[in-house]
Amino acid sequence: MKKFMYKRIDLILLGIILLSAFLNIYNIWKNDYANAYYTAAVKSMLENFHNFFYASFDPAGFVTVDKPPLTFWIQTLSAAIFGLHGWSVMLPQALSGVGSVVLLYFLLKPTFGITGARIASLTMAITPIVPAISRSNNIDSMLVFTLLIGVWMLFKGVRKNKAIWVIGAFAMIGLGFNMKMMQAFMVAPAFYLFYITAAKVKWKKKIGILASATAVMMALSLSWAVVVDSVSADDRPYMGSSQTNSVLELAFGYNGVARLTGQGQSTPGGGGADKGNGNEMQAPPNGMEQGEAPEGMPSGTPPNGQGGPNQANGTNATNSDDSASNDSSNTDSSSAQDNTNSETQTSEDNGQRDFLSRGDQGGPGGQNGGGMFNTGTPGFFRLFQIGLADQISWVLPFALFGCVGLLSGIRLRKQWSDGEKESLFWLAWLGPVGVFFSIAGFFHQYYLIMLAPPIAAFVGAGWVKLFKLYQTEKGFKSMLLPIAILATTAFEVFTLKSYIDQIGMVWSIGVGVAGTLLSLALFFFKQKEKRATYFVSLAALLAILVIPAFWVSTPIIYGDGNSVMPAAGPTTMGNGNMKMGEGQNSINENLVSYLKKNSNGETYLFATSNASSAAPYIIEGETVMAMGGFSGSDPILTTEKLEEMVKNNEVKYFLIGGGGPGGSSDLQTWIQEHGEEVPQEEWNGTSNNDSDSDSNSGMPGRGGQSETLYKVEL
């Protein structure tokens, strides 16, 4: 029995799983509280079921995070079991990344064999953005894992001709919607196409099953949203990042169409532009993302589409941060009209705040890769631009050649093979998602994990097919394999040119020489010993996987520091810039001590404009109000409502400034007109003259700007 079991274990797969686990998990316990915006929500969700169900950001249930709750439910359960730590909220995502590697193996093995399955799972494991996002408490890794479970159920349902598995597959998309809303629907066309082309049932039954599956998918997708929107606004938290306090508006607007158009999106995490409600937006400091993890980032659109840690001209981002913060914090002498007139410039300046100083957020040598938050310029070749190519596209040329090989024999009037049907499925996943990232107005680098499964599948299955064509065909088809190796090698060398200052010439020369020699060997020795060419072709494949393997290891080699805006790459080497998220969880102990000493039982220890200022305190167990939600733009409060809360003894102290507040200028004006400024030396241990030092203020990511504490009593 033991011998039988031993033979059934694929030791190479086991090695790939261990590699994936190492890349995803090692040292995550050193990553503090990861994305503090989401970690604060988990802390609040541990408090009671009300917060748990709504995914409340704060313990008092004032406002939610900007995503549905399913992933955070899982993170909260992990924190309940292991305690609230950075690693405990990251662990579900890390395991999801490993699970995706395993699933891809079992998805490809029945049709493309064990070699293709191994190559695909290895490619998935070492695709740089996969472990980078899996080493965080952002949502995307778990979303991809959930969708791949759906793929497994879909394939099984078609093979066994069982409708229940097909319906279950579409239900997984519905679960994905409750993780990250419309992003889950990006794979739906592939699901429909595969079932239509592969299911061996009559059309009438096929339509009925698809209709049932669609109904289940939509019902599951909208279930939480409909329940929440049906509850009175007075009985639940405000829906964070929406403008109408509606989950459906958040799903189809801010987290839907706005992603494609870029309208209303200005934070790396997905939110934060002024959405026309008269609010002046400002960026939360390091470590907050609203669009996605909240992605976790500040608001404000970087000027000219620049989103790297430094501007393209080499100017450090924190230089512009000073001017933006000064403009925003000088509210005593500014009016709402002034804020409106300067809104455009302010939003541009805000986008360059401290969080942009992360070394690997920009392009090589501290230069950004162009586009908002280093996502390039929209166009046909966007995925091959710096900032995206090094996260997802190292082996994309080979995958495209593999796709050509896999579909080279397909004919409209011919019965399609299982391999051709599954190849069409992966193409229907890769195509629409690739088009979206090529033209979208707003996304982050780590969203690119959505492309990892089809690319890995085409590399694994494609290598098997291209090698078969190499051995059996003549003419152009037989040369697809060496051409694919040579083209991929050339692309990798071209991309590496931009990183010479960080990694030197060795990698570029080594990969270029190895890939070129091996592809030439395949060109000129095609008719030689077939066994030898098999190992040469495998060696050629491994040669083009060397660079992504190195890239994927950089979070471990050089340290993370980027769990808010995950990305892999060596550009933090020798870089003096502060990494993203560094210091985001520090709190001002003097402030806490002062407020507790002078409080009179208020619900909130203090209020601030946005979630980034509140999150560290919430994680440490304090009840703090983010008046404008994540970025400060949510129209949650009016001056009348705020006045009522002060009179009801719900809040008395307001912390304003520090280069991170956003929110309504009306609220800030009201606070300043009705409040009394508390001298710095009473709550911060410093005077106004020396409070512009972060070391004195003790506040996270303030860009050298002081904060002002107001006391309002009516």
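This one's a predicted model, so the numbers in the text were calculated from it and none came from an experiment. Worth knowing before you read on, the calculation uses all heavy atoms, side chains too, and leaves out hydrogens, waters and symmetry mates.
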With a 4.5 Å limit on heavy-atom distance, are the side chains of V102 and F106 in contact? yes
Output yes when a side-chain donor or acceptor of T554 lies under 3.5 Å from a complementary backbone atom of G569, and no otherwise. yes
Indicate yes or no for a side-chain donor-acceptor contact from S537 to the backbone of Y534 under 3.5 Å, with no hydrogens or angles considered. yes
Would you give the length of the straight line joining atom CD1 of I133 to atom CD1 of I449, rounded to the nearest 0.5 angstrom? 6.5 Å
Are Y192 and T214 close enough that a side-chain donor and a side-chain acceptor fall under 3.5 Å? yes
Would you indicate whether the side-chain heavy atoms of K109 and D10 approach each other to under 4.5 Å? no
I would like to know whether W394 and T488 meet side chain to side chain contact (heavy atoms under 4.5 Å, CB included); could you show each step before the answer? CA-CA 7 Å; W394 290 112; T488 306; over 6 Å; no
So for atom CG, which belongs to L18, do other residues, nucleotides or ligands contribute more than 12 heavy atoms lying within a distance under 6.0 Å? yes
Could you state the interatomic distance from CD (Q385) to OG (S393), rounded to the nearest 0.5 Å? 10.0 Å
If you look at every heavy atom in S121 and L13, which pair is closest and at what distance? OG-CD1, 4.3 Å
State whether a side-chain donor-acceptor pair under 3.5 Å links S246 with D229. yes
Taking all heavy atoms of F458 and all of S423, pick out the closest pair and write down the distance. CZ-O, 3.4 Å
Between W429 (side chain) and M450 (backbone), is there a donor-acceptor pair under 3.5 Å? yes
Check for a donor-acceptor pair, side chain of Q391 on one end and backbone N or O of A568 on the other, with a separation under 3.5 Å. yes
Is there side-chain contact between V166 and M153, with heavy atoms separated by less than 4.5 Å? no
Between R135 (side chain) and Y26 (backbone), is there a donor-acceptor pair under 3.5 Å? yes
Would you check if P453 and W426 make a side-chain contact, meaning some heavy-atom pair closer than 4.5 Å? yes
One pair to check against side chain to side chain contact (heavy atoms under 4.5 Å, CB included): F53 and V228. What are the steps and the verdict? CA-CA 9 Å; F53 179 76; V228 173; 4.2 Å; yes
Yes or no on side chain to side chain contact (heavy atoms under 4.5 Å, CB included) for M239 and T244, after CA distance, side-chain angles and deciding distance? CA-CA 8 Å; M239 184 50 53; T244 61; over 6 Å; no
Check whether the ring centres of F170 and Y195 lie less than 6.0 Å apart, and answer yes or no. no
How long is the straight-line distance from OG of S212 back to CD1 of I167, given to the nearest 0.5 Å? 5.0 Å
Using a strict threshold of under 4.0 Å (side-chain N to carboxylate O), is an ion pair present between E473 and K465? no
Closest non-hydrogen atoms of P92 and M142, given as atom of the first, atom of the second and distance, are CB-CE, 3.4 Å
When every non-hydrogen atom of K200 is compared with those of N161, the smallest separation belongs to O-ND2, 4.1 Å
Classify the angle between the aromatic ring planes of F491 and F384 as parallel (below 30°), tilted (30 to 60°) or perpendicular (above 60°). perpendicular
Who are the ring-ring contact (aromatic ring centres under 6.0 Å, His included) partners of F252, not counting sequence neighbours? none
Using the ring of each side chain (for Trp, its six-membered ring), is F443 parallel, tilted or perpendicular to F436, with breaks at 30° and 60°? tilted
Which pair of non-hydrogen atoms, one from G240 and one from T64, has the smallest distance, and what is that distance? N-OG1, 2.9 Å
Donor-acceptor contact present, side-chain Q445 to main-chain P566, <3.5 Å: no
Does P454 reach the side chain of L427, with side-chain heavy atoms less than 4.5 Å apart? no
Quick check, are the ring centers of W224 and F72 under 6.0 angstrom apart? no
The reported gap from NZ in K162 to NZ in K156 (rounded to nearest 0.5 angstrom) is 10.5 Å
Test item: V101 and I16 side chains (from C-beta on) under 4.5 Å apart, heavy atoms: yes
Within the distance-only criterion (no hydrogens, no angle test), does the side chain of R382 pair as donor or acceptor with the backbone N or O of F437 below 3.5 angstrom? yes
Closest approach of N178 to L220 (non-hydrogen atoms, all atoms of both residues): ND2-O, 2.8 Å
S417 side chain to E420 main-chain N or O, any donor-acceptor pair under 3.5 Å? yes
Do L424 and F194 have side chains that get closer than 4.5 Å, going by heavy atoms? no
Can you find a side-chain donor-acceptor pair between D140 and Q93 that sits under 3.5 Å? no
Is there a side-chain contact between M90 and S134, using heavy atoms and a 4.5 Å cut-off? no
Indicate the ring-plane relationship of F467 and W463, choosing parallel, tilted or perpendicular according to the 30° and 60° boundaries. parallel
Any chance you could measure I173, atom CD1, to L175, atom CG, to the nearest 0.5 Å? 10.5 Å
Report the C-alpha distance between T127 and I455 in whole Å, list the side-chain angles of each, state the deciding distance to 0.1 Å, and finish with yes or no for side chain to side chain contact (heavy atoms under 4.5 Å, CB included). CA-CA 9 Å; T127 296; I455 290 176; 5.8 Å; no
Once you round to the nearest 0.5 Å, how far does CZ of F476 lie from OG of S408? 10.0 Å
